[in-house]
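The structure under discussion appears below in the form of structure tokens.
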Amino acid sequence: MTHRPPHDDECQFALWNSKRMMSAREFRSVVVAHADIALGELLALLLRLNEFHAIAIPDMETVELMFGHWWPSALLMDTRLGRRSNFRFIRDAAVNPAFRSVLIVALTSNWRELSPGELRRVGFDGLCRRPCQAWRLADMLNEHFHLLPGQF
């Protein structure tokens with residue numbers, strides 16, 4: 001694996017909270033919640049090529065339904081999906097002990113709709129602002145999962 005330099009600009013790419021798995025959730029499982037179905041499917045495919053168990057979901061209703069039955073290790077969420085409800089799902093997840101080990105990363109557009117500080121206060125664990133190379137997401141997830149105790 002090549003080692004790419006970390007991105008120093010928190011306005012474009014950042015991971016604030018490194019969470020640890022607390023239960024027997026499926027290891028390296030990722031949900032990509034994205035309003036653009038084609039882009040969500042592409043990100044999920046690229047993650048699967050990097051040996052993640054990844055699925056794409058196009059709306060928050062399906063995300064909420066899915067979390068009622070299955071707990072992935074990470075959620076990559078297009079912020080357009082959460083804005084409609086003022087990020088209710090993310091705010092609830094931030095205080096819900098069941099989400100203590102779910103990494104939640106905001107996928108945002110390239111304009112400054114929400115600052116990194118605002119995204120962090122909402123409850124996101126990190127952000128990737130467009131344009132964000134898919135390798136950056138895969139590297140961040142690989143590093144996160146590699147650091148989990150007893151997993152490698």
Side-chain angles (χ1 to χ4, degrees), residues 1-22 25 28-64 66-67 71-148:
M1 181 172 132
T2 63
H3 293 300
R4 296 178 179 97
H7 198 287
D8 294 329
D9 185 3
E10 185 181 73
C11 291
Q12 298 300 319
F13 186 82
L15 182 61
W16 305 297
N17 299 324
S18 182
K19 295 185 173 179
R20 299 288 181 246
M21 292 181 91
M22 304 291 282
R25 292 185 179 143
R28 296 176 60 90
S29 56
V30 180
V31 170
V32 179
H34 208 287
D36 181 336
I37 296 169
L39 185 54
E41 290 289 347
L42 178 62
L43 285 172
L45 173 63
L46 291 171
L47 290 170
R48 286 192 299 272
L49 291 172
N50 280 281
E51 299 180 3
F52 290 95
H53 304 282
I55 62 169
I57 295 177
D59 58 68
M60 284 309 298
E61 293 79 19
T62 306
V63 169
E64 290 182 31
M66 185 219 45
F67 271 94
W71 290 86
S73 300
L75 170 63
L76 308 178
M77 191 180 110
D78 178 356
T79 56
R80 293 178 294 178
L81 296 176
R83 263 187 277 158
R84 294 181 192 124
S85 66
N86 194 28
F87 299 101
R88 179 193 50 80
F89 179 81
I90 302 301
R91 290 177 196 280
D92 290 348
V95 297
N96 184 342
F99 280 86
R100 195 171 310 148
S101 61
V102 178
L103 185 70
I104 304 174
V105 177
L107 303 176
T108 68
S109 61
N110 57 2
W111 63 84
R112 304 253 191 267
E113 65 195 45
L114 291 170
S115 72
E118 291 170 312
L119 290 168
R120 195 173 188 173
R121 281 188 295 278
V122 165
F124 286 101
D125 300 310
L127 91 109
C128 186
R129 201 177 294 276
R130 192 177 60 213
C132 175
Q133 299 89 351
W135 65 259
R136 188 176 307 273
L137 286 169
D139 279 358
M140 181 260 311
L141 291 171
N142 270 324
E143 183 175 324
H144 171 73
F145 290 125
H146 182 70
L147 294 175
L148 295 175

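- In this structure, CZ in Phe87 is found 12.5 Å from CZ in Arg121, a value given to the nearest 0.5 Å.
- Distance check, rounded to the nearest 0.5 Å: CD of Glu41 to CD1 of Ile55 gives 9.0 Å.
- In plain terms, the two heavy atoms of Ala44 and Ala54 that are nearest each other are O-CB, 3.6 Å.
- For the residue pair Asn96 and Ala98, the shortest heavy atom distance occurs at OD1-N, 2.9 Å.
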- request: Begin from the C-alpha positions of Leu76 and Leu43 and carry the test side-chain contact (heavy atoms from CB on, under 4.5 Å) through to its verdict.
  value: CA-CA 10 Å; Leu76 308 178; Leu43 285 172; 5.8 Å; no
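- Remark: side-chain polar atoms of Asp78 are not paired, donor with acceptor, to backbone N or O of Leu81 under 3.5 angstrom.
- Side-chain contact check for His53 versus Ser73: every heavy-atom pair is 4.5 Å or farther apart.
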- prompt: What's the verdict on side-chain contact (heavy atoms from CB on, under 4.5 Å) for Glu64 and Asp92, showing C-alpha distance, side-chain angles and the deciding distance?
  reply: CA-CA 11 Å; Glu64 290 182 31; Asp92 290 348; over 6 Å; no
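- The heavy-atom pair separating Ala94 from Gly123 by the smallest distance is CB-CA, 3.9 Å.
- Residue-environment remark: CD (Glu51) stays at or below the threshold of 12 foreign heavy atoms within 6.0 Å.
- Rounded to the nearest 0.5 angstrom, Asn142 CG and Leu47 CG are separated by 9.0 Å.
- The heavy-atom pair separating Cys128 from Val105 by the smallest distance is N-CG1, 4.2 Å.
- For the pair Asp36 (side chain) and Ala38 (backbone), a donor-acceptor distance under 3.5 Å is present.
- A side-chain contact (heavy atoms from CB on, under 4.5 Å) with Leu103 is found for exactly one of Asp125, Val30, Leu75, namely Asp125.
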field: Criterion side-chain contact (heavy atoms from CB on, under 4.5 Å) on Val63 and Met77, from CA distance to verdict
entry: CA-CA 10 Å; Val63 169; Met77 191 180 110; 5.9 Å; no
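- Met60 contributes atom CE, which lies 13.0 Å from atom CZ of Arg83 (distance to the nearest 0.5 angstrom).
- Counting heavy-atom neighbours within 6.0 Å of Ile37 CD1, excluding the residue itself, gives a total of 12 or less.
- Here the shortest heavy-atom pairing between Ala138 and Phe52 reads O-CZ, 4.0 Å.
- When all heavy atoms of Met66 and Val31 are compared, the pair lying nearest together is SD-CG2, 3.4 Å.
- Using bins of under 30°, 30° to 60° and over 60° for the plane-to-plane angle, the ring pair Phe89/Phe67 lands in the tilted bin.
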message: Please determine whether side-chain contact (heavy atoms from CB on, under 4.5 Å) holds for the pair Leu127 and Thr79, giving the CA-CA distance in whole Å, both sets of side-chain angles, and the decisive distance to 0.1 Å.
response: CA-CA 10 Å; Leu127 91 109; Thr79 56; over 6 Å; no
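- Looking at Leu107 and Leu137, their side chains come closer than 4.5 Å, going by heavy atoms from C-beta outward.
- Taken to the nearest 0.5 Å, the CD1 atom of Ile104 stands 5.5 Å off from the CZ atom of Phe99.
- Under the 4.5 Å side-chain criterion, counting only non-hydrogen atoms from C-beta, Thr108 is not in contact with Phe124.
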